Amino acid sequence: MSVALIILAAGKGTRMKSDLPKVLHPIAGAPMLHHTLRAGSALEPAHTIVVAGHGSDQVRASAMDFDPSVHVVLQEEQLGTGHAVDQARAALEGFEGDVVVVFGDTPFLQPDTLTRMVEARRTHDVVVLGFDIAELQPRYGRLVMDGDRLVKIVEYKDATEDERAIRFTNSGLMACDAKVLFELLSEVTNNNASGEYYLTAVPELANARGLKVTAVKCDEAETLGVDSRSDLADADAIFQTRARAQLLDSGVTMMAPDTVYLSFDTVVGRDALIEPNVVFGPDVTVESGATIRAFSHLEGCHVSRGAIVGPYARLRPGAELAEDVRIGNFVEVKNATLATGAKVNHLSYIGDASVGEASNIGAGTITCNYDGVMKHRTEIGARAFIGSNTMLVAPVSVGDEAMTGSGSVITSDVEDGALAIARAPQVEKPGMARKLFEMLRAKKARQSRGS
Ligand code: UD1
Ligand code: MG
(Lines give C-alpha, C1' and ligand atoms only; values in the text may rest on other atoms or scores of the structure.)
(Ligands and ions follow the chains in the order given, each with its own letter.)
Protein backbone atom coordinates (compact mmCIF):
# COMPACT_ATOMS: atom_id res chain seq x y z
CA MET A 1 0.00 0.00 0.00
CA SER A 2 1.34 3.35 -1.07
CA VAL A 3 1.47 6.01 1.67
CA ALA A 4 1.34 9.82 1.60
CA LEU A 5 2.58 11.52 4.74
CA ILE A 6 1.07 14.88 5.69
CA ILE A 7 2.88 16.86 8.36
CA LEU A 8 0.95 19.74 9.92
CA ALA A 9 3.26 22.62 10.67
CA ALA A 10 1.36 25.82 9.99
CA GLY A 11 0.63 26.79 13.58
CA LYS A 12 2.21 29.92 14.93
CA GLY A 13 3.49 28.47 18.18
CA THR A 14 2.65 31.71 19.99
CA ARG A 15 3.87 30.38 23.31
CA MET A 16 7.38 29.86 21.93
CA LYS A 17 7.68 33.69 21.78
CA SER A 18 9.95 33.37 18.78
CA ASP A 19 10.56 34.70 15.29
CA LEU A 20 11.51 31.17 14.28
CA PRO A 21 8.57 28.91 13.30
CA LYS A 22 7.93 26.44 16.11
CA VAL A 23 8.76 23.31 14.13
CA LEU A 24 12.22 24.66 13.32
CA HIS A 25 13.32 24.89 16.94
CA PRO A 26 16.02 22.28 17.45
CA ILE A 27 16.11 19.25 19.66
CA ALA A 28 19.46 17.51 19.94
CA GLY A 29 20.87 19.43 17.01
CA ALA A 30 18.03 18.94 14.52
CA PRO A 31 14.83 20.95 13.92
CA MET A 32 11.72 19.26 15.34
CA LEU A 33 10.42 19.01 11.78
CA HIS A 34 13.39 16.80 10.83
CA HIS A 35 12.70 14.45 13.73
CA THR A 36 9.16 14.02 12.42
CA LEU A 37 10.34 13.65 8.81
CA ARG A 38 12.85 11.00 9.94
CA ALA A 39 10.18 9.02 11.80
CA GLY A 40 7.87 9.36 8.81
CA SER A 41 10.48 8.09 6.38
CA ALA A 42 10.03 4.62 7.94
CA LEU A 43 6.77 4.41 5.99
CA GLU A 44 8.71 5.01 2.76
CA PRO A 45 6.04 7.51 1.73
CA ALA A 46 5.39 8.05 -1.97
CA HIS A 47 4.60 11.68 -1.11
CA THR A 48 5.59 13.76 1.88
CA ILE A 49 3.64 16.98 2.25
CA VAL A 50 4.39 19.61 4.85
CA VAL A 51 1.59 22.09 5.52
CA ALA A 52 3.27 25.39 6.38
CA GLY A 53 1.84 28.74 7.38
CA HIS A 54 3.77 30.98 9.71
CA GLY A 55 7.35 31.34 8.44
CA SER A 56 6.57 29.13 5.47
CA ASP A 57 9.71 30.15 3.56
CA GLN A 58 11.91 29.02 6.41
CA VAL A 59 9.87 25.84 6.86
CA ARG A 60 10.16 25.12 3.13
CA ALA A 61 13.94 25.63 3.14
CA SER A 62 14.37 23.37 6.15
CA ALA A 63 12.11 20.64 4.71
CA MET A 64 14.04 20.73 1.39
CA ASP A 65 17.26 20.54 3.31
CA PHE A 66 16.08 17.24 4.79
CA ASP A 67 14.75 15.88 1.51
CA PRO A 68 14.37 17.90 -1.70
CA SER A 69 11.40 15.78 -2.77
CA VAL A 70 9.25 17.00 0.14
CA HIS A 71 6.29 19.04 -1.07
CA VAL A 72 5.45 22.11 1.00
CA VAL A 73 1.94 23.53 0.72
CA LEU A 74 0.76 26.79 2.21
CA GLN A 75 -2.10 27.19 4.63
CA GLU A 76 -2.54 30.94 4.59
CA GLU A 77 -4.98 31.15 7.46
CA GLN A 78 -4.92 28.65 10.29
CA LEU A 79 -8.53 27.58 10.35
CA GLY A 80 -7.99 24.25 12.09
CA THR A 81 -6.32 20.86 11.69
CA GLY A 82 -8.99 19.61 9.26
CA HIS A 83 -8.55 22.68 7.09
CA ALA A 84 -4.77 22.19 7.27
CA VAL A 85 -4.98 18.61 5.93
CA ASP A 86 -7.32 19.85 3.20
CA GLN A 87 -4.52 22.06 1.86
CA ALA A 88 -2.83 18.87 0.62
CA ARG A 89 -5.86 17.93 -1.49
CA ALA A 90 -4.55 19.38 -4.77
CA ALA A 91 -1.06 17.96 -4.27
CA LEU A 92 -2.55 14.48 -3.78
CA GLU A 93 -5.02 14.69 -6.68
CA GLY A 94 -5.26 11.22 -8.20
CA PHE A 95 -3.14 9.61 -5.48
CA GLU A 96 -4.32 6.14 -4.54
CA GLY A 97 -3.32 4.86 -1.16
CA ASP A 98 -3.24 5.85 2.49
CA VAL A 99 -2.78 9.25 4.01
CA VAL A 100 -1.05 9.38 7.38
CA VAL A 101 -1.42 12.71 9.17
CA VAL A 102 1.16 13.66 11.81
CA PHE A 103 1.99 16.87 13.68
CA GLY A 104 5.31 18.60 13.12
CA ASP A 105 5.79 19.36 16.79
CA THR A 106 5.83 15.81 18.19
CA PRO A 107 9.52 14.88 17.89
CA PHE A 108 9.35 11.60 19.82
CA LEU A 109 7.08 9.78 17.45
CA GLN A 110 8.48 6.29 16.84
CA PRO A 111 8.60 4.81 13.32
CA ASP A 112 7.19 1.57 14.72
CA THR A 113 4.02 3.36 15.86
CA LEU A 114 3.41 4.66 12.35
CA THR A 115 3.86 1.15 11.02
CA ARG A 116 1.30 -0.16 13.51
CA MET A 117 -1.21 2.45 12.34
CA VAL A 118 -0.76 1.47 8.71
CA GLU A 119 -1.15 -2.19 9.66
CA ALA A 120 -4.40 -1.46 11.52
CA ARG A 121 -5.65 0.13 8.33
CA ARG A 122 -5.83 -3.34 6.72
CA THR A 123 -8.86 -4.12 8.88
CA HIS A 124 -10.27 -0.60 9.47
CA ASP A 125 -11.08 2.40 7.33
CA VAL A 126 -9.95 5.10 9.73
CA VAL A 127 -7.22 4.63 12.36
CA VAL A 128 -6.48 7.20 15.05
CA LEU A 129 -3.49 7.10 17.39
CA GLY A 130 -4.39 7.55 21.05
CA PHE A 131 -2.69 7.37 24.40
CA ASP A 132 -3.75 7.14 28.03
CA ILE A 133 -3.09 10.23 30.09
CA ALA A 134 -1.88 9.81 33.66
CA GLU A 135 -3.46 13.09 34.74
CA LEU A 136 -6.65 14.51 33.28
CA GLN A 137 -5.57 17.45 31.14
CA PRO A 138 -7.64 19.89 29.13
CA ARG A 139 -5.19 20.02 26.24
CA TYR A 140 -6.26 16.76 24.57
CA GLY A 141 -9.31 15.60 22.67
CA ARG A 142 -11.08 12.55 24.16
CA LEU A 143 -11.55 9.26 22.30
CA VAL A 144 -15.06 7.91 22.85
CA MET A 145 -14.77 4.14 22.35
CA ASP A 146 -17.29 1.34 22.06
CA GLY A 147 -15.16 -1.77 22.40
CA ASP A 148 -12.47 -1.30 19.78
CA ARG A 149 -14.71 0.95 17.70
CA LEU A 150 -13.88 4.64 17.88
CA VAL A 151 -17.29 6.35 18.05
CA LYS A 152 -15.99 9.93 17.90
CA ILE A 153 -13.34 12.34 19.10
CA VAL A 154 -14.52 15.22 21.25
CA GLU A 155 -12.33 18.23 21.82
CA TYR A 156 -12.07 19.14 25.50
CA LYS A 157 -13.85 22.45 24.92
CA ASP A 158 -16.82 20.69 23.35
CA ALA A 159 -16.91 17.72 25.76
CA THR A 160 -19.44 16.87 28.46
CA GLU A 161 -18.27 16.29 32.06
CA ASP A 162 -18.39 12.52 31.48
CA GLU A 163 -16.35 12.79 28.30
CA ARG A 164 -13.76 15.01 30.00
CA ALA A 165 -13.17 12.17 32.49
CA ILE A 166 -12.00 9.84 29.67
CA ARG A 167 -8.28 9.09 29.89
CA PHE A 168 -7.87 7.72 26.37
CA THR A 169 -6.97 10.82 24.35
CA ASN A 170 -6.14 11.88 20.82
CA SER A 171 -2.51 12.21 19.76
CA GLY A 172 -3.59 13.94 16.55
CA LEU A 173 -2.31 11.24 14.20
CA MET A 174 -4.69 9.65 11.76
CA ALA A 175 -4.47 7.13 8.91
CA CYS A 176 -7.14 6.82 6.24
CA ASP A 177 -7.58 6.08 2.56
CA ALA A 178 -6.77 9.30 0.68
CA LYS A 179 -9.98 9.47 -1.34
CA VAL A 180 -12.19 8.74 1.69
CA LEU A 181 -10.34 11.27 3.85
CA PHE A 182 -10.76 14.13 1.39
CA GLU A 183 -14.43 13.25 0.90
CA LEU A 184 -15.02 13.32 4.65
CA LEU A 185 -13.05 16.56 5.03
CA SER A 186 -15.48 18.23 2.63
CA GLU A 187 -18.22 17.51 5.18
CA VAL A 188 -16.35 19.01 8.14
CA THR A 189 -17.86 22.24 9.45
CA ASN A 190 -16.55 24.77 11.96
CA ASN A 191 -19.60 24.50 14.13
CA ASN A 192 -17.80 23.98 17.46
CA ALA A 193 -16.49 25.84 20.49
CA SER A 194 -13.31 27.00 18.68
CA GLY A 195 -14.93 27.83 15.34
CA GLU A 196 -12.26 25.66 13.66
CA TYR A 197 -12.38 22.94 11.03
CA TYR A 198 -11.34 20.02 13.18
CA LEU A 199 -9.60 16.97 11.73
CA THR A 200 -11.06 15.23 14.76
CA ALA A 201 -14.53 15.45 13.20
CA VAL A 202 -13.54 12.78 10.66
CA PRO A 203 -14.14 9.62 12.78
CA GLU A 204 -17.76 10.52 13.55
CA LEU A 205 -18.43 11.33 9.88
CA ALA A 206 -16.85 8.01 8.90
CA ASN A 207 -19.10 6.13 11.33
CA ALA A 208 -22.15 7.84 9.83
CA ARG A 209 -21.16 6.24 6.51
CA GLY A 210 -20.85 2.84 8.15
CA LEU A 211 -17.06 2.77 7.85
CA LYS A 212 -14.90 0.91 10.39
CA VAL A 213 -13.11 3.29 12.73
CA THR A 214 -10.64 2.37 15.47
CA ALA A 215 -7.81 3.70 17.61
CA VAL A 216 -4.38 2.20 18.29
CA LYS A 217 -2.50 3.06 21.45
CA CYS A 218 0.99 4.38 22.07
CA ASP A 219 2.96 5.60 25.02
CA GLU A 220 2.18 9.09 26.33
CA ALA A 221 5.89 10.02 26.10
CA GLU A 222 5.86 9.44 22.35
CA THR A 223 3.23 12.06 21.64
CA LEU A 224 4.80 14.70 23.81
CA GLY A 225 4.18 17.98 22.00
CA VAL A 226 6.28 21.12 22.26
CA ASP A 227 4.42 24.37 22.79
CA SER A 228 6.83 26.50 24.83
CA ARG A 229 10.55 26.93 25.46
CA SER A 230 10.06 25.02 28.64
CA ASP A 231 8.52 22.08 26.72
CA LEU A 232 11.45 22.35 24.30
CA ALA A 233 13.99 22.10 27.10
CA ASP A 234 12.09 19.16 28.62
CA ALA A 235 11.99 17.41 25.26
CA ASP A 236 15.71 17.90 24.76
CA ALA A 237 16.39 16.58 28.25
CA ILE A 238 14.34 13.47 27.55
CA PHE A 239 16.18 12.98 24.28
CA GLN A 240 19.56 13.35 26.01
CA THR A 241 18.69 10.88 28.76
CA ARG A 242 17.73 8.27 26.18
CA ALA A 243 20.71 8.88 23.91
CA ARG A 244 23.21 8.71 26.79
CA ALA A 245 21.64 5.48 28.03
CA GLN A 246 21.95 4.01 24.54
CA LEU A 247 25.64 4.93 24.31
CA LEU A 248 26.42 3.51 27.76
CA ASP A 249 24.54 0.40 26.80
CA SER A 250 26.56 0.00 23.61
CA GLY A 251 29.87 -0.02 25.52
CA VAL A 252 30.93 3.63 25.66
CA THR A 253 32.43 4.92 28.91
CA MET A 254 31.15 8.28 30.15
CA MET A 255 32.51 9.56 33.43
CA ALA A 256 29.67 12.03 33.95
CA PRO A 257 26.98 11.21 31.37
CA ASP A 258 24.63 13.93 32.59
CA THR A 259 27.13 16.57 31.43
CA VAL A 260 27.56 15.22 27.91
CA TYR A 261 25.35 16.79 25.22
CA LEU A 262 24.60 14.54 22.26
CA SER A 263 23.12 15.16 18.84
CA PHE A 264 20.40 13.12 17.20
CA ASP A 265 23.03 11.42 15.01
CA THR A 266 26.10 11.12 17.28
CA VAL A 267 27.98 7.87 16.65
CA VAL A 268 30.46 6.63 19.26
CA GLY A 269 32.21 3.27 19.04
CA ARG A 270 32.56 0.85 21.93
CA ASP A 271 35.36 1.38 24.41
CA ALA A 272 35.56 5.03 23.52
CA LEU A 273 35.91 7.28 26.57
CA ILE A 274 33.95 10.51 26.85
CA GLU A 275 35.06 12.73 29.72
CA PRO A 276 32.74 15.25 31.42
CA ASN A 277 31.28 18.34 29.72
CA VAL A 278 31.67 17.39 26.10
CA VAL A 279 29.29 18.81 23.46
CA PHE A 280 28.53 16.90 20.27
CA GLY A 281 27.03 18.98 17.47
CA PRO A 282 25.52 17.21 14.46
CA ASP A 283 27.39 14.72 12.30
CA VAL A 284 30.12 13.43 14.58
CA THR A 285 31.62 9.95 14.51
CA VAL A 286 34.02 8.82 17.20
CA GLU A 287 35.53 5.41 16.60
CA SER A 288 36.22 2.66 19.11
CA GLY A 289 38.89 3.32 21.67
CA ALA A 290 39.16 7.06 21.03
CA THR A 291 39.16 9.47 23.97
CA ILE A 292 37.34 12.79 24.05
CA ARG A 293 38.64 14.70 27.02
CA ALA A 294 36.73 17.22 29.11
CA PHE A 295 35.20 20.45 27.79
CA SER A 296 35.66 19.65 24.11
CA HIS A 297 33.21 20.78 21.42
CA LEU A 298 32.82 18.65 18.28
CA GLU A 299 30.68 19.00 15.16
CA GLY A 300 30.84 17.58 11.64
CA CYS A 301 34.00 15.61 12.34
CA HIS A 302 35.45 12.11 12.42
CA VAL A 303 37.76 10.86 15.17
CA SER A 304 39.49 7.54 14.45
CA ARG A 305 40.58 4.76 16.78
CA GLY A 306 43.07 5.61 19.46
CA ALA A 307 42.92 9.35 18.85
CA ILE A 308 42.86 11.65 21.88
CA VAL A 309 41.05 14.97 21.69
CA GLY A 310 41.14 17.72 24.32
CA PRO A 311 40.71 18.79 27.03
CA TYR A 312 39.27 22.04 25.70
CA ALA A 313 39.52 21.19 22.01
CA ARG A 314 37.25 22.35 19.23
CA LEU A 315 36.67 20.19 16.16
CA ARG A 316 34.63 21.94 13.48
CA PRO A 317 33.07 20.61 10.28
CA GLY A 318 35.48 18.74 8.05
CA ALA A 319 37.94 17.84 10.81
CA GLU A 320 39.12 14.34 9.91
CA LEU A 321 41.43 12.71 12.45
CA ALA A 322 43.19 9.46 11.53
CA GLU A 323 44.25 6.85 14.08
CA ASP A 324 46.30 7.91 17.10
CA VAL A 325 46.10 11.63 16.32
CA ARG A 326 46.51 13.92 19.34
CA ILE A 327 44.62 17.20 19.58
CA GLY A 328 45.40 19.04 22.77
CA ASN A 329 44.06 21.98 24.75
CA PHE A 330 42.83 25.12 23.01
CA VAL A 331 43.32 23.68 19.55
CA GLU A 332 40.76 24.37 16.82
CA VAL A 333 40.61 22.20 13.71
CA LYS A 334 38.36 22.98 10.73
CA ASN A 335 38.14 21.37 7.28
CA ALA A 336 41.48 19.65 7.80
CA THR A 337 42.76 16.10 7.66
CA LEU A 338 45.37 14.89 10.12
CA ALA A 339 47.12 11.65 9.15
CA THR A 340 48.01 8.82 11.53
CA GLY A 341 49.89 9.87 14.64
CA ALA A 342 49.96 13.60 13.87
CA LYS A 343 50.10 15.80 16.98
CA VAL A 344 48.75 19.28 17.60
CA ASN A 345 49.02 19.53 21.31
CA HIS A 346 48.59 23.15 22.29
CA LEU A 347 46.95 26.45 21.34
CA SER A 348 46.75 26.13 17.57
CA TYR A 349 44.41 26.75 14.64
CA ILE A 350 44.53 24.22 11.83
CA GLY A 351 42.03 25.18 9.12
CA ASP A 352 41.76 24.24 5.42
CA ALA A 353 44.84 22.08 5.80
CA SER A 354 46.31 18.62 5.59
CA VAL A 355 48.89 17.37 8.05
CA GLY A 356 50.94 14.30 7.14
CA GLU A 357 51.63 11.19 9.19
CA ALA A 358 53.46 11.64 12.52
CA SER A 359 54.01 15.36 12.00
CA ASN A 360 54.29 17.52 15.09
CA ILE A 361 52.70 20.95 15.15
CA GLY A 362 54.20 23.20 17.82
CA ALA A 363 52.25 25.35 20.26
CA GLY A 364 50.67 28.47 18.86
CA THR A 365 50.83 27.44 15.21
CA ILE A 366 48.27 29.09 12.96
CA THR A 367 47.34 28.24 9.40
CA CYS A 368 46.52 31.71 8.10
CA ASN A 369 43.86 30.41 5.73
CA TYR A 370 41.91 33.59 5.08
CA ASP A 371 43.28 36.66 3.36
CA GLY A 372 40.13 38.64 4.01
CA VAL A 373 38.58 37.60 0.71
CA MET A 374 39.44 33.99 -0.09
CA LYS A 375 40.27 30.83 1.85
CA HIS A 376 43.52 29.02 0.99
CA ARG A 377 45.01 25.66 1.90
CA THR A 378 48.07 24.66 3.86
CA GLU A 379 49.69 21.31 3.07
CA ILE A 380 52.10 19.83 5.60
CA GLY A 381 53.95 16.62 4.72
CA ALA A 382 54.77 13.55 6.80
CA ARG A 383 57.07 13.62 9.84
CA ALA A 384 57.42 17.40 9.59
CA PHE A 385 58.11 19.56 12.62
CA ILE A 386 56.43 22.95 12.82
CA GLY A 387 58.15 25.15 15.41
CA SER A 388 56.07 26.91 18.05
CA ASN A 389 54.23 30.03 16.97
CA THR A 390 54.71 29.45 13.25
CA MET A 391 52.32 31.39 11.02
CA LEU A 392 51.68 29.40 7.85
CA VAL A 393 50.40 31.96 5.36
CA ALA A 394 48.29 29.95 2.90
CA PRO A 395 48.43 28.91 0.16
CA VAL A 396 51.64 27.29 1.33
CA SER A 397 53.18 23.86 1.75
CA VAL A 398 55.79 22.34 4.04
CA GLY A 399 57.43 19.15 2.72
CA ASP A 400 58.03 15.75 4.28
CA GLU A 401 60.53 15.80 7.15
CA ALA A 402 60.84 19.58 6.87
CA MET A 403 61.04 21.95 9.82
CA THR A 404 60.11 25.55 10.54
CA GLY A 405 61.84 27.64 13.18
CA SER A 406 59.77 28.98 16.07
CA GLY A 407 58.06 32.25 15.40
CA SER A 408 58.45 31.97 11.65
CA VAL A 409 56.01 33.57 9.26
CA ILE A 410 56.12 31.10 6.39
CA THR A 411 54.99 32.68 3.15
CA SER A 412 56.59 30.40 0.56
CA ASP A 413 56.73 26.62 0.17
CA VAL A 414 59.31 24.69 2.21
CA GLU A 415 60.81 21.74 0.35
CA ASP A 416 61.23 18.20 1.73
CA GLY A 417 63.86 17.95 4.41
CA ALA A 418 64.54 21.73 4.60
CA LEU A 419 64.55 23.95 7.69
CA ALA A 420 62.86 27.30 7.08
CA ILE A 421 63.41 30.21 9.42
CA ALA A 422 61.50 33.39 8.68
CA ARG A 423 61.84 35.85 11.52
CA ALA A 424 63.93 38.95 12.22
CA PRO A 425 67.46 38.06 13.33
CA GLN A 426 68.18 38.61 17.03
CA VAL A 427 69.99 41.84 18.01
CA GLU A 428 72.04 41.85 21.26
CA LYS A 429 73.23 44.97 23.16
CA PRO A 430 75.82 43.91 25.77
CA GLY A 431 75.26 45.44 29.26
CA MET A 432 72.20 47.39 28.13
CA ALA A 433 69.75 45.67 30.48
CA ARG A 434 71.96 46.25 33.52
CA LYS A 435 72.26 49.94 32.61
CA LEU A 436 68.48 50.28 32.39
CA PHE A 437 67.96 48.57 35.76
CA GLU A 438 70.48 50.98 37.36
CA MET A 439 68.59 53.97 35.92
CA LEU A 440 65.38 52.60 37.41
CA ARG A 441 66.92 52.13 40.88
CA ALA A 442 68.34 55.68 40.79
CA LYS A 443 64.93 57.08 39.87
CA LYS A 444 63.24 55.24 42.77
CA ALA A 445 65.92 56.53 45.20
CA ARG A 446 65.33 60.18 44.08
CA GLN A 447 61.58 59.74 44.52
CA SER A 448 61.88 58.39 48.07
CA ARG A 449 64.27 61.25 49.14
CA GLY A 450 61.86 63.79 47.71
CA SER A 451 58.86 62.47 49.69
C1 UD1 B 1 -5.01 18.72 18.57
C2 UD1 B 1 -6.24 17.83 18.45
C3 UD1 B 1 -6.55 17.18 19.80
C4 UD1 B 1 -5.32 16.40 20.25
C5 UD1 B 1 -4.11 17.30 20.31
C6 UD1 B 1 -2.87 16.49 20.59
C7 UD1 B 1 -7.68 18.81 16.76
C8 UD1 B 1 -8.88 19.62 16.49
N9 UD1 B 1 -7.36 18.62 18.03
O10 UD1 B 1 -5.36 19.80 19.42
O11 UD1 B 1 -7.63 16.32 19.70
O12 UD1 B 1 -5.57 15.83 21.53
O13 UD1 B 1 -3.93 17.97 19.04
O14 UD1 B 1 -1.78 17.32 20.74
O15 UD1 B 1 -7.07 18.31 15.82
N16 UD1 B 1 -2.09 23.18 12.67
C17 UD1 B 1 -2.01 23.65 11.38
N18 UD1 B 1 -3.02 24.46 10.92
C19 UD1 B 1 -4.07 24.79 11.67
C20 UD1 B 1 -4.15 24.30 13.00
C21 UD1 B 1 -3.13 23.49 13.47
O22 UD1 B 1 -1.05 23.38 10.65
O23 UD1 B 1 -4.95 25.51 11.16
C24 UD1 B 1 -1.00 22.31 13.16
C25 UD1 B 1 -0.23 22.92 14.29
O26 UD1 B 1 0.91 23.63 13.80
C27 UD1 B 1 0.19 21.69 15.08
C28 UD1 B 1 -0.94 20.71 14.84
O29 UD1 B 1 -1.59 21.14 13.67
O30 UD1 B 1 1.37 21.12 14.59
C31 UD1 B 1 -1.91 20.62 16.01
O32 UD1 B 1 -2.51 21.88 16.21
P33 UD1 B 1 -2.83 22.40 17.67
O34 UD1 B 1 -3.39 23.76 17.55
O35 UD1 B 1 -1.67 22.21 18.55
O36 UD1 B 1 -3.99 21.41 18.11
P37 UD1 B 1 -4.46 21.13 19.58
O38 UD1 B 1 -5.38 22.19 19.99
O39 UD1 B 1 -3.30 20.82 20.43
MG1 MG C 1 -1.18 21.16 20.36
Side-chain angles (χ1 to χ4, degrees), residues 5-16 18 20-25 31-33 35-37 39-40 49-56 58-60 63 72-88 100-109 126 128-133 136-144 150 152-159 163-164 166-174 176 181 184-185 188-205 215 217-228 231-232 235:
L5 184 73
I6 300 181
I7 300 179
L8 304 191
K12 190 168 183 195
T14 313
R15 284 196 282 146
M16 293 300 283
S18 177
L20 190 68
K22 177 164 87 172
V23 292
L24 299 190
H25 281 267
M32 273 190 265
L33 178 63
H35 288 274
T36 309
L37 283 163
I49 295 165
V50 174
V51 181
H54 289 276
S56 58
Q58 284 165 285
V59 171
R60 178 175 285 107
V72 178
V73 299
L74 190 63
Q75 185 195 24
E76 290 197 35
E77 261 185 297
Q78 280 69 60
L79 302 179
T81 48
H83 179 260
V85 173
D86 208 36
Q87 305 311 301
V100 177
V101 179
V102 306
F103 292 171
D105 59 352
T106 48
F108 290 110
L109 184 65
V126 180
V128 167
L129 181 69
F131 59 102
D132 288 321
I133 38 171
L136 290 174
Q137 295 183 40
R139 72 194 262 197
Y140 301 117
R142 271 38 180 178
L143 300 185
V144 180
L150 173 61
K152 60 175 177 173
I153 306 177
V154 264
E155 290 305 300
Y156 189 85
K157 280 188 189 171
D158 305 302
E163 288 166 341
R164 288 181 177 184
I166 297 174
R167 290 185 184 274
F168 193 30
T169 61
N170 179 29
S171 71
L173 277 75
M174 194 179 286
C176 182
L181 179 65
L184 295 174
L185 280 175
V188 172
T189 66
N190 64 350
N191 185 15
N192 53 54
S194 305
E196 290 184 3
Y197 296 89
Y198 289 160
L199 175 64
T200 48
V202 164
E204 200 175 3
L205 293 168
K217 197 175 281 193
C218 75
D219 206 44
E220 182 169 5
E222 220 179 293
T223 65
L224 198 96
V226 173
D227 287 326
S228 63
D231 288 349
L232 186 71

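Just so you know, ligand 1 is whichever comes first in the structure, and atom 1 is the first atom listed for that ligand. Source: prediction; values computed, not measured.
- Partners of Leu136 under the side-chain contact (heavy atoms from CB on, under 4.5 Å) rule, at least two apart in sequence or in another chain, are Ile133, Arg142, Arg167.
- Here the side chains of Val188 and His83 are not in contact, with every heavy-atom distance at 4.5 Å or above.
- Take Lys12 and apply the side-chain hydrogen bond (donor to acceptor under 3.5 Å, both in side chains) test, not counting sequence neighbours, and it matches no residue.
- Side-chain contact check for Asp158 versus Tyr198: some heavy-atom pair is nearer than 4.5 Å.
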Report each N/O pair between ligand 1 and the protein that falls under 3.5 Å, naming both atoms.
{"residue": "ligand 1", "atom": "9 (N)", "partner": "Glu155", "partner atom": "OE1", "Å": "3.1"}
{"residue": "ligand 1", "atom": "9 (N)", "partner": "Glu155", "partner atom": "OE2", "Å": "3.2"}
{"residue": "ligand 1", "atom": "11 (O)", "partner": "Gly141", "partner atom": "N", "Å": "3.4"}
{"residue": "ligand 1", "atom": "11 (O)", "partner": "Glu155", "partner atom": "OE1", "Å": "3.4"}
{"residue": "ligand 1", "atom": "11 (O)", "partner": "Glu155", "partner atom": "OE2", "Å": "2.7"}
{"residue": "ligand 1", "atom": "11 (O)", "partner": "Asn170", "partner atom": "ND2", "Å": "2.8"}
{"residue": "ligand 1", "atom": "12 (O)", "partner": "Gly141", "partner atom": "N", "Å": "2.8"}
{"residue": "ligand 1", "atom": "12 (O)", "partner": "Asn170", "partner atom": "O", "Å": "2.6"}
{"residue": "ligand 1", "atom": "15 (O)", "partner": "Thr81", "partner atom": "OG1", "Å": "2.7"}
{"residue": "ligand 1", "atom": "18 (N)", "partner": "Gln75", "partner atom": "OE1", "Å": "2.7"}
{"residue": "ligand 1", "atom": "22 (O)", "partner": "Ala10", "partner atom": "N", "Å": "3.0"}
{"residue": "ligand 1", "atom": "23 (O)", "partner": "Gln75", "partner atom": "OE1", "Å": "3.3"}
{"residue": "ligand 1", "atom": "23 (O)", "partner": "Gln75", "partner atom": "NE2", "Å": "3.0"}
{"residue": "ligand 1", "atom": "23 (O)", "partner": "Leu79", "partner atom": "N", "Å": "3.3"}
{"residue": "ligand 1", "atom": "23 (O)", "partner": "Gly80", "partner atom": "N", "Å": "2.8"}
{"residue": "ligand 1", "atom": "23 (O)", "partner": "Gly80", "partner atom": "O", "Å": "3.1"}
{"residue": "ligand 1", "atom": "26 (O)", "partner": "Gly11", "partner atom": "N", "Å": "2.8"}
{"residue": "ligand 1", "atom": "30 (O)", "partner": "Leu8", "partner atom": "O", "Å": "3.1"}

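- Residues meeting the side-chain contact (heavy atoms from CB on, under 4.5 Å) test with Pro31, sequence neighbours left out: Leu24, His34, Ser62.
- Contact annotation: the side chain of Leu173 never approaches that of Phe103 to less than 4.5 Å [non-hydrogen atoms, C-beta and beyond].
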